Amino acid sequence: MFLALAPRTENGRTWAGTDGADSAGVPVNRRGGDGAGYHLQELADDGEPLGDPLTIGDPVGLLAFAGRGARWLWDATSQVYPGLLRVGVRLDRCHDITLTERILRARAGVFGEPSSAAAVNARAAGAPVPADRDPATTFAGRQSAFGHPAQPMLFDTVDPVRDVVAGVGDPLALLRTALVDQLQRAGDDNALALLLAAESASGLAAAEMGHAGLPWRADVHRELLVQGLGQQPAAGRRPTRMAELAREIDAAFGFPVNPDSAVDLRAAFRRVGFDIDTTRSWVIKGLAHPAVEPVLAYKELARLYSANGWNWLAEWVRDGRFRAEYVPGGVVSGRWATNGGGGLQIPRALRRAVVADPGYALVVADAAQLEPRVLAAISNDHALQRLSADDDLYDALAADGFGGDRAKAKLAMLGAMYGQTSGEAGRLVPTLRRRYPAAMVCVEGAARQGETGQVVHSALGRACPPPGATFREALEVGTSQDATDAERRRADLMAKDRGRFTRNFVVQASAADWAAVWLSGLRRDLAAVPGAELVFFQHDELIVHVPTEQAGLVSELTMAAAKSARELVFPGSAVTTPVRPVVVNCYADAK
DNA sequence: TCAAATGGCGCC
DNA sequence: AAAGGGCGCCATTTGA
């Protein structure tokens, strides 16, 4: 059974009234939700209405409908659910039309187009497709530096055609027909059904994690900043330690250099005899010059200062929590992205600041070496699957064919998955091919498909984007009889480039499949653990904030969910995808 | 003068 | 030691 849920709308807008007004002075609330009121209707599994539509004024009233194994149906979790969470309404399951549509459209070769219920209906009717209201797709980017986040684009005029197409006045019908359309297109593909269920569940988890926030000790963070950078500078000034290093750099070169400018820095090194064409740290590290040390130190501090300095703290940490806006499926491979705050790039150095509340612990669980294990599964490489029984797959790999050299084994495996052909990794390819032929056929086959302009899919059927017009044209020109050498080279480069992408896609996207199923399963199980909250998820790692006495139980649940994910995503495979949870007070102590 | 591109680097 | 996949974000540079 489905419970179709639509925020009440006015003039085609999500009605809310409390979050401000758009340029026309009409109240808007891009989250939908609180205070708004909802239309609600029960639907059978095939989308047939089971009763008359209802109107619910108080969202808490929705709870009366929950808990019957029903699945909520709505346009976009990111629009509806945060408002519900703010008034204390948590729901178990949903079907998110927008997230589902993205996956289905991708499988049809279409990316980046509107995916709302309105869009689904408009397409089915051959009518103009309205823009998404979902910020995730209309979001045009953020203002730089220390400004406020850019606002998503909002409708600022009433468009009668769009509003009719959008079914304003009968939003439930819109959801119902979109659902029926999607169910029909999804067919009876079990893997796809699992992917779609996990994607919608990820939407719920993402909203909940955004709501909960990651415990963040601003005082600890500030201490770390002062320790590394010195005192917080006045606006427009460098922190003490960075200013000192800048002076050291000038002195080492013997002339003034702006280390914030790559152009300036490269020119400086050239002037003192080093013909570099990039100022990347690893290049500079190899130079013998007194400026090297202060430059490297400066770069590191500058990164900390600009990415996670005092400004970041002021903008993103409130009430002891860091709240990122998570975007499930925000990456083509199905990985999550975040809007703002760099939520998936928290530097290791700052993990000291992630501390459980008093009486609570953090259960930090990560899937060890997920990607090579996933490769073993999708390629059905029995030799590699056997190695996956080892807790440390790279150790096993090293013992199996790399003379016990773990670093070498890891390099070879990563090179195989990323398409590295040169250097040490390239030289190790023959060893891999000899010992793990099926795995290598898998990644090399995926690469070849990419090179020839085809698409590839994840284990559960997430599709990679088809090549763009530039690629197709370059390939056509470069492979024609009368192509110039330059045209041939260009075509070859673009093909190789896309080959590396598709090669990696099959592994990364299948790992994302696994992780989404893992996360969804754990989220479901955590509902039975009082006080346990998912607070962080980063590709193959998650954190649960939990009352200390429940930490052991939650650890078990993370492992059980991993086992279940392995069985669901790679049924019948001998691969193992172990998770090793650690109970800590502070994130920095997890590794 | 402003927006887009680039260089660089953090995370996986 | 060398530089291969996916991102987001910042400051600087470029170019319209």
Side-chain angles (χ1 to χ4, degrees), chain A residues 139-147 149-150 238 258-267 276-286 295-296 298-309 311-312 315-316 324-327 329-351 366-371 374-375 407-408 410-429 443 446-447 450 456 458 464-465 496-509 511-512 515 536-542:
Chain A
F139 204 77
R142 290 167 41 72
Q143 286 177 6
S144 67
F146 315 125
R238 287 182 170 122
N258 175 12
D260 288 322
S261 162
V263 173
D264 206 24
L265 194 56
R266 186 180 57 209
I276 56 172
D277 43 28
T278 162
T279 58
R280 284 183 167 83
S281 294
W282 65 268
V283 169
I284 291 179
K285 204 189 301 183
V295 163
L296 292 176
Y298 182 92
K299 277 171 168 279
E300 207 175 315
L301 293 183
R303 168 77 193 184
L304 175 65
Y305 176 57
S306 70
N308 297 98
N311 292 312
W312 181 91
E315 188 173 359
W316 296 105
E325 184 190 351
Y326 293 97
V327 185
V331 177
V332 286
S333 65
R335 279 182 172 184
W336 291 19
T338 53
N339 266 338
L344 300 183
Q345 291 106 245
I346 298 169
R348 290 192 117 76
L350 286 186
R351 293 182 181 182
D366 80 308
Q369 303 139 0
L370 181 58
E371 293 197 344
V374 163
L375 173 57
K408 216 173 182 181
K410 182 175 176 178
L411 189 75
M413 185 51 73
L414 292 176
M417 291 187 298
Y418 292 158
Q420 188 174 351
T421 51
S422 60
E424 174 90 11
R427 285 193 292 280
L428 296 169
V429 165
V443 289
V456 294
S458 74
C464 83
K496 285 274 160 45
D497 205 44
R498 184 168 164 81
R500 281 192 300 274
F501 166 64
T502 51
R503 169 196 291 259
N504 185 250
F505 183 94
V506 294
V507 178
Q508 187 183 116
F536 189 62
F537 174 60
Q538 183 181 44
H539 313 315
D540 60 358
E541 175 182 19
L542 55 80

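Nothing here was measured: the structure is a model prediction, and the numbers come from that model. Side chains included, hydrogens not; waters and symmetry mates left out as well; all remaining heavy atoms used. Quick note on labels: first sequence line is chain A, next is B, and so on, each numbered from 1.
- For A/E300, the CD atom is loosely surrounded, since the number of other residues' heavy atoms within 6.0 Å does not exceed 12.
- Residues meeting the salt bridge (charged side-chain N to carboxylate O under 4.0 Å, His left out) test with A/R427, sequence neighbours left out: A/E424.
- Between the side chain of A/D264 and the backbone N or O of A/N258, at least one donor-acceptor pair lies under 3.5 Å.
- A/K285 is linked by a salt bridge (charged side-chain N to carboxylate O under 4.0 Å, His left out) to nothing, counting only residues two or more places apart in sequence or in another chain.
- Taking atom CG on A/L414 and atom P on C/dA2, their separation rounds to 17 Å, with Å as the unit.
- Between the CG atom of A/L265 and the C1' atom of B/dG7 there is a distance of 11 Å, rounded to whole Å.
- If you take NZ of A/K285 and P of C/dA3, they are 15 Å apart, rounded to a whole angstrom.
- Nearest approach of A/T338 to A/A324, heavy atoms of both residues: CG2-CB, 4.1 Å.
- Atom-to-atom, CG of A/N339 to C1' of C/dC9 comes out at 12 Å; the value is rounded to the nearest Å.
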Report the C-alpha distance between A/I284 and A/L265 in whole Å, list the side-chain angles of each, state the deciding distance to 0.1 Å, and finish with yes or no for side-chain contact (heavy atoms from CB on, under 4.5 Å). CA-CA 10 Å; A/I284 291 179; A/L265 194 56; 4.2 Å; yes
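- For A/L428 and C/dA1, the CG to C1' distance is 12 Å, given to the nearest whole Å.
- Residues passing the salt bridge (charged side-chain N to carboxylate O under 4.0 Å, His left out) test with A/D260, sequence neighbours excluded: A/R238.
- Nucleic acid contact for A/V332: sugar-phosphate only, since backbone atoms but no base atoms lie under 4.0 Å from a heavy atom of the residue.
- Taking five base pairs at each end of the helix from B/dT1-C/dA16 to B/dC12-C/dG5 and finding the rotation axis that steps the C1' atoms of four pairs onto the next four gives two axes whose angle is 10°, to the nearest 10°.
- Between A/W336 and A/L344, the shortest heavy-atom contact is O-CD1, 3.2 Å.
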Write out a two-atom table: protein N or O, nucleotide N or O from nucleotides 12-15 of chain C, distance below 3.5 Å.
| residue | atom | partner | partner atom | Å |
| --- | --- | --- | --- | --- |
| C/dT13 | OP1 | A/S261 | OG | 2.4 |

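- At the heavy-atom level, A/D277 lies nowhere under 4.0 Å from the strands shown.
- Between A/Q538 and A/I346 the shortest side-chain heavy-atom distance does not fall below 4.5 Å.
- Across all strands shown, A/G423 has no heavy atoms under 4.0 Å from either base or sugar-phosphate atoms.
- Look at CG on A/L411: it is 9 Å from C1' on C/dA1, rounded to the nearest Å.
- Annotation: side chain of A/V332 is in contact with side chain of A/F501 (closest heavy-atom distance under 4.5 Å).
- Distance check, rounded to the nearest 0.5 Å: CZ of A/F536 to OH of A/Y326 gives 5.5 Å.
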Could you pull out the protein-nucleic contacts involving nucleotides 9-12 of chain B (nitrogen or oxygen on both sides, under 3.5 Å)?
| residue | atom | partner | partner atom | Å |
| --- | --- | --- | --- | --- |
| B/dC9 | OP1 | A/S281 | N | 3.4 |
| B/dC9 | OP1 | A/S281 | OG | 2.5 |
| B/dC9 | OP1 | A/K299 | NZ | 3.0 |
| B/dC9 | OP2 | A/S281 | N | 3.2 |
| B/dC9 | O2 | A/R303 | NH1 | 2.8 |
| B/dG10 | O4' | A/R303 | NE | 3.1 |
| B/dG10 | O4' | A/R303 | NH2 | 3.0 |
| B/dG10 | N2 | A/Q345 | NE2 | 3.3 |
| B/dC11 | OP1 | A/R348 | N | 3.0 |
| B/dC11 | O3' | A/R351 | NH2 | 3.3 |
| B/dC12 | OP1 | A/R351 | NH2 | 3.0 |
| B/dC12 | OP2 | A/R348 | NH1 | 3.0 |
| B/dC12 | O3' | A/D540 | OD1 | 2.6 |
| B/dC12 | O3' | A/D540 | OD2 | 2.9 |
| B/dC12 | O2 | A/R335 | NH1 | 2.8 |
| B/dC12 | O2 | A/R335 | NH2 | 3.1 |

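- Rounded to an integer number of Å, the gap from CD1 of A/I284 to C1' of B/dG7 is 12 Å.
- With C/dA3, C/dC7, C/dG6 as the candidates, the nucleotide lying closest to the side chain of A/S422 is C/dA3.
- Looking at A/K496 and A/T421, their side chains never come closer than 4.5 Å, going by heavy atoms from C-beta outward.
- Computed from coordinates, the A/M417 CE to C/dG5 P distance equals 13 Å when rounded to whole Å.
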